[in-house]
Amino acid sequence: MSERKIDPKLLEILVCPLTKGPLRYDAEAQELISDQAGLAFPIRDGIPIMLLDEARQLDADSAGKGGPVS
Amino acid sequence: MSDSPNVFNRRVVRLHRDRAAAGLKNHDYLFAEVGERLADRLDDIKRRFPLALDLGCHGGELARLVAGRGGIETLVQCDLSPRMARRAGSHCLAADEEFLPFPAACFDLVLSSLSLHWVNDLPGALAQIRLTLKPDGLFLAAMLGGDTCKELRIALAAAEIAEEGGLSPRLSPFADAGDLGALLQRAGFALPVVDQEAIKVSYGDPWKLMADLRGMGESNAVAERRRGFTRRATLMAAASRYRELFGDAEGRVPATFQVIYMTAWAPDPSQPRPLEPGSAKTSLAEALGAAEIPSEEKTKPA
């Protein structure tokens, strides 16, 4: 699999499509996490997949960890 | 997400686009043609739009055309189909027009070429577009309108009635230009302008048209469409009906694509607007060189 880095410009502007709230970037899991919505949006091959039906539901205890994006 | 009241099955829209992504460059004629016309319109606007969004970018056709035009420095590209987005090039992501992942007052310009006709909640999408624009930001879009592929619609309907004794939705319902002006206004846009043109494409035969539609990822995604394959006999009958009704002497057939263009601005105090009633500084009587009659005298019976 070719490694493509997420575009820094996108990291700067993207928000949660559901709540329009902030996202935090989990570089290890390659996910953009919306704590408000309890959803994790995958980044595949550097491309953020901001689709609700592709997002992973966060369980209550893993939410709220980590710092904000940028 | 329930899709019962929805006209389009968005999963199917995405699937069709995902499938079409790899071979799109053989079928992108219409995207390139309409993209060029949108880029021309952008050239006519003497403004710079440093941060722009292409909503429903397909394989990045519009990005290649608007590169270096309209003062665009960064063009974010998104498509419902991750595979399309991947082909689009830089600053790309997968996003749903009905759930935009962008904050308020973010972009100077939002472009959209031949994508919004697959949206179920068009008023909602327009409202989100308007919110993501900076004040005085521009929305410039082209979408397919009601007369699109009318020839194919007629031929398929006639064939299906003749062969199967019934009719099912084969082509999408499309927006009407008249309604779009009202929708733009309702979404809070200022100075909306809607116009349309018909692009006629000549095809060697109806099969080529159907292959092109599929190749563009534009196959039927109406939620109430009939499941399963269309009978071969019905398709054959549709093709011959198409030739009979619309074909020319050489056997070529036309296909009409009705393209509706929308231009609208996010409101800003600097934009022209009507003056408040009563704010005039010169009287009409003065301008006409007539004597001013005080209002109380006008109300007196003669």
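Chain identifiers are assigned alphabetically (A, B, ...) following the order of the sequence lines, protein sequences preceding nucleic acid strands; residue numbering begins at 1 within each chain.
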Nearest atoms (heavy-atom pairs only) where Val15(A) meets Phe102(B)
CG2-C, 3.4 Å
Crowded around Arg186(B) CZ? As in, over 12 foreign heavy atoms under 6.0 Å?
no
To check you understand the geometry: which heavy-atom pair defines the closest contact between Pro48(A) and Cys92(B), and what is its length?
CD-O, 3.6 Å
Counting heavy atoms not belonging to Arg130(B), are there more than 12 under 6.0 Å from its CZ?
yes
Would you say Asp53(A) and Arg10(B) make side-chain contact, with heavy atoms under 4.5 Å?
no
Going through the checks in order, is the side-chain contact (heavy atoms from CB on, under 4.5 Å) test met by Leu51(A) and Arg14(B)?
CA-CA 11 Å; Leu51(A) 305 173; Arg14(B) 180 186 153 186; 3.7 Å; yes
Side-chain heavy atoms of Leu131(B) within contact of Lys20(A), under 4.5 Å:
no
Cut-off 4.5 Å, heavy atoms of chain A, and the answer for Glu98(B) is neither
Looking only at heavy atoms and a cut-off of under 4.5 Å, which of Leu18(A), Ile6(A), Leu10(A) has the most pairs with chain B?
Leu10(A)
Between Ile47(A) and Ala85(B), the two heavy atoms sitting closest are CD1-C, 4.3 Å
Please report the interatomic distance CG(Leu51(B)) to CD1(Ile13(A)), rounded to the nearest 0.5 Å.
5.5 Å
Take Leu14(A) and Leu93(B), measure what side-chain contact (heavy atoms from CB on, under 4.5 Å) needs, and give me the verdict at the end.
CA-CA 10 Å; Leu14(A) 287 181; Leu93(B) 67 142; 3.7 Å; yes
For chain A, which residues from residues 18-27 of chain B lie under 4.5 Å away (heavy-atom distances)?
none
Side chains of Asp96(B) and Pro17(A), heavy atoms from C-beta outward: is any pair under 4.5 Å?
no
Within residues 72-81 of chain B, contacts to chain A at heavy-atom distances under 4.5 Å involve Thr74(B), Val76(B), Leu80(B)
If I measure from the heavy atoms of chain A, does Cys106(B) come under 4.5 Å with its side chain, its backbone, both, or neither?
side chain
